Structure formats: C-alpha cells, structure tokens
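Here the structure is a predicted model, which is why all the values come from computation and not from measurement. Computed from heavy atoms alone, side chains included, the values below leave out hydrogens, waters and symmetry copies.
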Amino acid sequence: MASVTSLSDSVQQQLASALSATRPEAAGADPLLRRSDRADFQANGILALAKKAKANPRELAAEVVAHIVTGDDLIQDVEVSGPGFLNITIADRAITGNLAARYADDTGRLGVPSADRPGTTVIDYAQPNVAKEMHVGHLRSAVIGDSVVRLLEFTGENVVRRHHIGDWGTQFGMLIQYLDEHPHELDHRTGENLQVSGEEAMSNLDRLYKAARRLFDSDEEFKTRARRRVVDLQAGDPATLAMWQKFVDESKIYFFSVFEKLDMEIRDADIVGESGYNDMLAETCRLLEESGVAVRSEGALCVFFDDVKGPDGNPVPLIVQKSDGGFGYAATDLSAIRDRVFHLKADTLLYVVDARQALHFRMVFETARRAGWLNDDVKAVQLAFGTVLGKDGKPFKTREGETVRLVDLLDEAIDRASAVVREKAQDLSEEEIAERGTQVGIGAVKYADLSTSASRDYKFDLDQMVSLNGDTSVYLQYAYARINSILRKAPEGVRPAAHPELRLHEAERALGLHADAFAETVAEAAREYAPHKLAAYLYQLASLYTSFYDKCPVLKAESPEQVANRLFLCDVTARTLHRGMALLGIRTPERL
C-alpha cells in the first residue's frame with residue numbers, strides 16, 4: 001500500500017500554496033506549522049515573511065487566509081490571531097478519513113512511508129569484551145543501538161550491524177599465559193574444554209581474568225612473559241591461537257544468552273571484533289604515514305591536532321602505532337572505517353558509544369577525514385550516551401562497590417515485573433505469568449533507557465520502572481492490553497469501522513490527531529537517532545487514550561455507528577502502540 005500523507009503535511013501543502021498565491025516571492029517559504037493548544041495547528045511563518053516584505057503581518061495573514069480552501073475535506077476553519085498567527089482547525093471528517101487510510105494498510109506499517117532511495121548505514125553497537133562478564137555499562141549501547149537499527153530499517157535504510165567486541169590485545173596474552181602457568185584453576189572450575197553453561201563459564205573466565213590482571217600488575221617477570229605471549233598470538237602460534245579461540249567461542253555463547261534475555265537479535269555474522277581488522281593494520285599505518293596525515297614522534301606513529309592539548313599545554317596525539325611496533329585502538333578503529341566505507345559501501349557510520357570516548361572518536365574521525373576516507377558523501381557520527389546511575393545519583397554499583405552484572409539486573413527486573421503481573425493477573429496460568437513478567441520486566445528496563453535522551457545520564461530505579469503509573473513501559477503495555485480487552489468484548493457482529501460522517505468529541509479529536517502523527521514521529525526519531533522522541537510520542541498516545549476512554553463510552557455509545565467508530569479509534573491506537581513499541585524493541589502482550 002502507498003504511504004498516507006499526514007494531516008500536518010496536507011495542511012503544510014495548502015498553506016504553502018496559499019502563501020505562493022498571495023506573494024509569488026514567498027514560494028518555498030516555511031509556514032512554520034506546529035500543534036497548538038489554541039487550535040489543532042498554528043502557523044507562525046507569516047511573521048518572518050511580513051518582516052522580509054515590509055508588510056503588516058495581520059494584513060498579510062488575512063490575504064493568505066483568503067486563499068485557503070475550508071470545508072469538510074481538510075481545513076474546517078482558519079482565523080488570524082495575535083500579531084499574524086494562523087489558528088487552524090481540522091475537519092472531523094478529515095481526521096477520521098486519514099486514520100481510516102492508515103487502518104487500511106494491511107502491511108502493518110500504518111501508512112508510514114519507506115525511503116525511495118535508501119542509504120547504507122553501518123551501526124556499531126553492543127560491544128562486550130571477550131572473557132569479561134557484561135555489566136550495567138553495556139546496557140545502553142545494546143538497547144539504544146537495537147532500537148536505532150529497528151527505526152532505520154523500518155524507514156527503509158540499508159543497515160549493516162557491527163558488534164566490535166574486544167577480542168584482541170595485551171589482555172589475551174596475559175590470560176593465556178596465566179592459564180598456561182596455572183592449568184589447575186581452569187580444570188578445577190570449568191573442565192578442560194570450558195564446557196559448562198554460558199553464564200557459569202563466563203563467570204569463571206571473568207574470575208580468571210581478574211586473577212591474571214592482579215599478577216600482571218604486580219609481577220614484572222610475568223608481565224614480560226605475558227607480552228611475549230601477545231606476540232605469539234599476533235604471529236598466529238597454533239597453541240596460543242587455539243586457546244584464544246576457545247575464549248572467544250565461550251564468550252559468544254554467553255553474549256548470545258544475555259542478548260536473548262534482552263530480547264535482541266544478535267547474529268554471529270554481525271560480530272566483527274578487533275581481531276577482524278588485524279590484516280589491515282599495517283596498511284592503514286602505511287597509508288596514513290605516506291599521505292603525511294600521521295608522523296613519527298619518538299618512534300610512535302601519531303596524528304596531531306591543534307585543538308587537543310594536555311594539562312601541560314602540549315599537543316596530545318592520536319597514537320596509531322606504538323614505538324614498540326604494536327598497534328593501538330586507533331589503528332583498529334581507522335581500519336574498521338576503511339572496511340566499512342570501501343568494502344561495505346556505507347555512506348553513514350554510526351557509533352553507539354559511551355560519551356566518555358568522545359575525544360577518541362573525534363580524533364579518529366578527523367584523521368579519517370584528513371586521509372580522505374570520510375568526506376561530504378560519507379559521514380561518521382558518534383551517538384554518545386550518558387551513564388546509568390543508581391538511586392543516589394552516582395554511577396550504579398553494588399553495595400560492595402562492584403560494577404553490577406547485567407544478568408543480575410535483568411533477572412531482578414523480571415522478578416519485580418512478575419510480581420506486578422501476578423497481582424493484576426486475571427485468568428493467567430503460572431506459565432503465562434512468567435512469560436508476561438519477562439516481557440514486562442525487560443520492557444521496563446529498555447523503556448527507562450530509551451525514554452531518556454541518549455546523551456543524558458539516568459537513574460536506574462526498578463520500583464519506578466515497573467510502576468503502572470507515570471511514563472513507564474508498563475503503563476503503555478497495560479494501555480495496549482486494556483484496548484484489546486475492549487475489542488474482545490465487542491458484541492458479535494460489531495466490528496471497528498470508520499464513520500467519517502460523525503461529529504467527534506474533543507477527546508476523540510485529540511487522540512485522532514496524535515495517532516495521525518505517528519509517521520512523522522518515526523521519521524524524526526530515525527533521522528535524529530532519537531528513540532526517546534518515539535517513546536515520548538507513545539506515552540502521550542496512551543495518555544490521550546486514557547482521556548478518551550474516560551470521556552467517551554465505547555461499547556455503550558449512542559448509536560451503532562458511534563460504537564463502531566470508537567472501536568475503530570481503539571484499534572488504530574492499539575496498532576500504533578504495538579508498532580511503536582516494537583520499534584523500541586519492547587513487546588506488547590495481548591493480555592496482562
């Protein structure tokens with residue numbers, strides 16, 4: 001089905017035509033249309049136009065109004081307000097008719113358009129580390145990245161997912177050497193081949209990693225041996241490589257189990273860790289040095305920036321290759337850019353990475369621009385996110401001061417949500433309560449993250465997250481379930497159906513106008529990589545539905561036509577909630 005033009009776009013087009021008819025030089029001028037509490041929409045663009053034309057804004061506004069067609073098809077009424085604003089009221093018939101067109105879309109897209117000429121975006125998100133347990137700090141990259149992927153794909157973009165896992169470097173030489181020298185610890189805890197459950201194996205690997213790190217930091221001789229083992233790893237020594245591969249494989253099993261709990265799809269082909277760019281590192285350095293973008297400084301290959309200085313006022317370089325010949329993170333990130341631009345043919349590189357790495361990525365992106373790998377046709381963007389805080393406003397830690405394990409946090413959310421579902425459950429089996437509890441708990445964690453602008457910190461408060469009141473996913477999920485309950489209770493033979501001839505109650509109008517704005521909200525959220533804008537839209541939709549439900553009887557409406565029309569409004573709202581929540585990566589159970 002073709003996309004449906006939103007009411008605001010239709011009004012925008014009418015205003016643009018009226019402006020052009022009034023003043024030919026105003027062709028292409030923006031009417032500055034927005035929703036208003038004084039009417040359905042308000043247009044403020046005439047003020048700027050009048051100033052430019054040295055005309056009286058109220059008189060110019062009156063001239064524009066004379067060229068606007070009013071009636072039942074779209075605009076019911078226009079009045080000039082204040083210094084030259086236009087207050088615009090939409091016809092009831094137009095509201096119902098536009099929603100009916102969206103409702104008729106059997107693709108489930110609700111008339112949302114898909115890009116005619118999509119670009120290709122490579123999105124780098126959900127980047128855990130091999131041999132380390134995932135903690136609360138990994139939550140935001142995964143949840144935000146997953147939602148942005150869904151938004152971009154839904155609006156037609158070609159999306160390539162990349163999970164840049166930490167699977168290479170000094171820490172693996174350290175860990176492999178430690179296990180070589182302490183084989184009994186591996187055998188005792190996990191068995192010779194690490195063949196235990198994903199979480200248990202990862203917990204043991206994490207414990208061994210911490211023991212290896214303590215020895216590495218305290219024993220210079222061990223540190224030397226560990227660094228030699230890194231050289232063996234980079235040279236492809238079979239025994240070293242085999243042990244490394246076991247760590248990677250075992251870690252992936254664990255990663256998949258955590259992402260499955262988060263209700264996210266992570267495909268093995270999308271995991272291209274640091275090791276995936278090894279063969280490109282030397283060439284990346286050569287290209288940078290030959291082009292003069294990078295220079296040798298005290299034996300290291302560096303890129304300098306005029307505006308990046310340390311506390312002593314001296315320039316702080318981006319080190320691409322260390323003086324001992326080893327490669328830093330920058331070499332890997334720059335090689336990844338080359339691969340994504342020239343092999344994957346991306347025109348947008350999106351990195352969902354902690355805000356604290358902003359300086360590193362600014363330097364990497366600028367280096368890539370100087371090298372010509374990024375240009376006006378290919379851009380790189382860091383979608384920087386803030387920190388997850390505890391209720392005390394400080395970085396989220398356990399009572400012992402340890403970083404909170406992600407699995408523990410998710411399990412607690414599921415337990416809390418299951419208790420809420422059990423309290424409200426009607427005719428649900430224990431199996432259904434457990435399933436709903438998982439959907440509500442994981443949804444609560446995701447929504448708390450996604451309803452906050454990515455750049456801001458937010459407090460992790462499970463009590464608030466699983467509340468039925470306020471801006472929570474539980475409130476939205478219950479709104480969806482309640483609508484489905486009403487639809488199930490409709491008398492036999494009475495189906496949702498649009499009746500454009502009916503006058504609408506004020507609450508029906510508000511709900512209908514907001515539901516019609518779904519497409520433009522999705523487009524804006526995708527364009528700005530801003531899932532929080534979609535979350536805010538959905539919360540307002542649920543709130544407007546609550547007001548509609550309180551003021552407008554559905555099954556006991558005045559006439560059969562009104563019953564059908566209100567059931568239609570219910571169903572449009574339910575479908576919009578369902579689709580919108582899915583774009584956030586959150587499930588909406590039919591019953592709760």
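For the atom pair OG (S147) and CG (L450), the distance works out to 5.0 Å, reported to the nearest 0.5 Å. In this structure, the separation between CG on L288 and CD on E290 is 10.0 Å, given to the nearest 0.5 Å. Distance CG/D471 to CD/Q464: 8.5 Å, rounded to 0.5 Å. From L233, atom CG reaches atom CD1 of I176 across 5.5 Å, with rounding to the nearest 0.5 Å. Expressed to the nearest 0.5 Å, how far CG of L462 lies from CD1 of I414 amounts to 11.0 Å. Within the model, atoms CD1 of I586 and CD1 of I442 stand 10.5 Å from one another, a figure rounded to the nearest 0.5 Å.
Using a 4.5 Å heavy-atom cutoff, the side chains of D146 and R150 are in contact. Using a 4.5 Å heavy-atom threshold, the side chains of D124 and R340 count as touching. A heavy-atom distance below 4.5 Å is found between the side chains of Y178 and F222. Side chains of V352 and V148 form no contact here, defined as non-hydrogen atoms less than 4.5 Å apart. Looking only at side-chain heavy atoms (C-beta outward), L383 and V353 stay at 4.5 Å or farther from each other. Two residues are said to be in side-chain contact when any heavy atoms from C-beta on lie closer than 4.5 Å; H135 and L406 fail this criterion. Residues M264 and K446 form a side-chain contact, since some pair of their non-hydrogen atoms from C-beta on lies under 4.5 Å apart. Taking 4.5 Å as the limit, every side-chain heavy atom of L592 sits out of range of all side-chain heavy atoms of K424.
Partners of R422 according to the side chain to side chain donor-acceptor pair (under 3.5 Å) rule, which considers only residues two or more places apart in sequence or in another chain, are E430. Taking D249 as the reference, nothing meets the salt bridge (charged side-chain N to carboxylate O under 4.0 Å, His left out) condition, with sequence neighbours excluded. Legend: residues meeting side chain to side chain donor-acceptor pair (under 3.5 Å) with T521, ordered by chain and number and at least two apart, are absent. Residues that satisfy the salt bridge (charged side-chain N to carboxylate O under 4.0 Å, His left out) test with D167, not counting sequence neighbours, are absent from this structure. For Y351, the ring pair (Phe, Tyr, Trp, His ring centres under 6.0 Å) partners two or more places apart in sequence, or in a different chain, are F361, F365. Residues meeting the side-chain contact (heavy atoms from CB on, under 4.5 Å) test with D180, sequence neighbours left out: R229. Applying the side chain to side chain donor-acceptor pair (under 3.5 Å) test to E366 and every residue at least two apart in sequence or in another chain returns R369, R370.
Within the 3.5 Å criterion, the main-chain N or O of A346 finds no donor-acceptor partner in the side chain of T120. Side-chain N or O atoms of T452 include none that pairs as donor or acceptor with a backbone N or O of H532 at under 3.5 Å. The closest donor-acceptor contact from the side chain of H163 to the backbone of Y125 lies under 3.5 Å. Side chain of T155 to main chain of L152: a donor-acceptor pair is present (N/O by atom type, distance under 3.5 Å, no hydrogens or angles). The backbone N or O of N469 sits less than 3.5 Å from a side-chain atom of S467, completing a donor-acceptor pair. Of the possible polar contacts, one joining the E432 side chain to the S429 backbone as a donor-acceptor pair under 3.5 Å is found. Side-chain N or O atoms of T472 include none that pairs as donor or acceptor with a backbone N or O of V466 at under 3.5 Å. Checking side-chain atoms of Q477 against main-chain N and O of R587 turns up a donor-acceptor pair under 3.5 Å. Judged by distance alone, the side chain of N129 and the main-chain N or O of K132 form no donor-acceptor pair under 3.5 Å. A donor-acceptor pair under 3.5 Å is formed between the side chain of Q382 and the backbone N or O of D354.
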Given V160 and I123, is the side chain to side chain contact (heavy atoms under 4.5 Å, CB included) satisfied, shown in steps? CA-CA 6 Å; V160 181; I123 177 167; over 6 Å; no

Dump the intermediate steps for side chain to side chain contact (heavy atoms under 4.5 Å, CB included) on V122 and L350, then the final yes or no. CA-CA 6 Å; V122 175; L350 182 60; over 6 Å; no

Could you go step by step and tell me if K246 and E250 meet the salt bridge (charged side-chain N to carboxylate O under 4.0 Å, His left out) rule? CA-CA 6 Å; K246 285 181 183 178; E250 205 59 59; over 6 Å; no

Tabulate below the donor-acceptor pairs under 3.5 Å that side-chain atoms of residues 385-393 make, not counting sequence neighbours, or state none.
unit_1, atom_1, unit_2, atom_2, d
K391, NZ, D463, OD2, 3.1
D392, OD1, K394, N, 2.9

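Between L577 and A479, the shortest heavy-atom distance links the atoms CD1-CB, 4.3 Å. Listed here is the closest heavy atom pair of A269 and R162: O-NH1, 3.9 Å. Nearest heavy atom pair, residue V230 against residue G169, reads CG2-O, 4.1 Å. The nearest pair of heavy atoms linking L334 to V364 is CD2-O, 3.5 Å. The two residues V130 and S251 have their closest heavy-atom pair at CG1-OG, 3.4 Å. Annotation for F327 and A331: closest pair CB-CB, 4.0 Å, computed over non-hydrogen atoms.
Taking the six-membered ring where tryptophan is involved, the planes of Y480 and H578 are essentially parallel, since the angle between them stays under 30° and well short of 60°.
Under a 4.0 Å N-O distance rule, the pair R140/D449 qualifies as a salt bridge. Note on D219 versus K223: no salt bridge recorded, every NZ/NE/NH1/NH2 to OD/OE distance being 4.0 Å or above. A salt bridge is defined here as a Lys NZ or Arg NE, NH1 or NH2 lying under 4.0 Å from an Asp or Glu carboxylate O, and D268 with K252 meets this definition. Classification of R227 and D232 as a salt-bridged pair fails, no side-chain N sitting under 4.0 Å from a carboxylate O. Under 4.0 Å is where a charged nitrogen must lie from a carboxylate oxygen, and between R161 and E153 at least one such pair does.
Enclosure of atom CD in E181 by more than 12 non-hydrogen atoms of other residues, nucleotides or ligands within 6.0 angstrom is indicated. Heavy atoms from other residues, nucleotides or ligands lying under 6.0 Å from CZ of R286 number more than 12. The 12-atom threshold is exceeded at NZ of K261, counting heavy atoms of other residues, nucleotides or ligands nearer than 6.0 Å. Under a cut-off of 6.0 angstrom, the local environment of CZ in R456 is sparse, with at most 12 non-hydrogen atoms contributed by other residues, nucleotides or ligands.
Applying the side chain to side chain donor-acceptor pair (under 3.5 Å) test to residues at least two apart or on different chains, the pairs with a partner in residues 318-330 are R296-Q321. Contacts classified as ring pair (Phe, Tyr, Trp, His ring centres under 6.0 Å) and involving residues 443-476 (residues at least two apart or in different chains) are given here: F396-F460, Y475-Y539. Sequence neighbours left out, not one pair with a member in residues 290-317 passes ring pair (Phe, Tyr, Trp, His ring centres under 6.0 Å). Applying the salt bridge (Lys or Arg N to Asp or Glu O under 4.0 Å) rule to pairs touching residues 329-338 yields E283-R338, sequence neighbours excluded.
In this structure, a donor-acceptor pair under 3.5 Å is absent between the side chains of E274 and T332.
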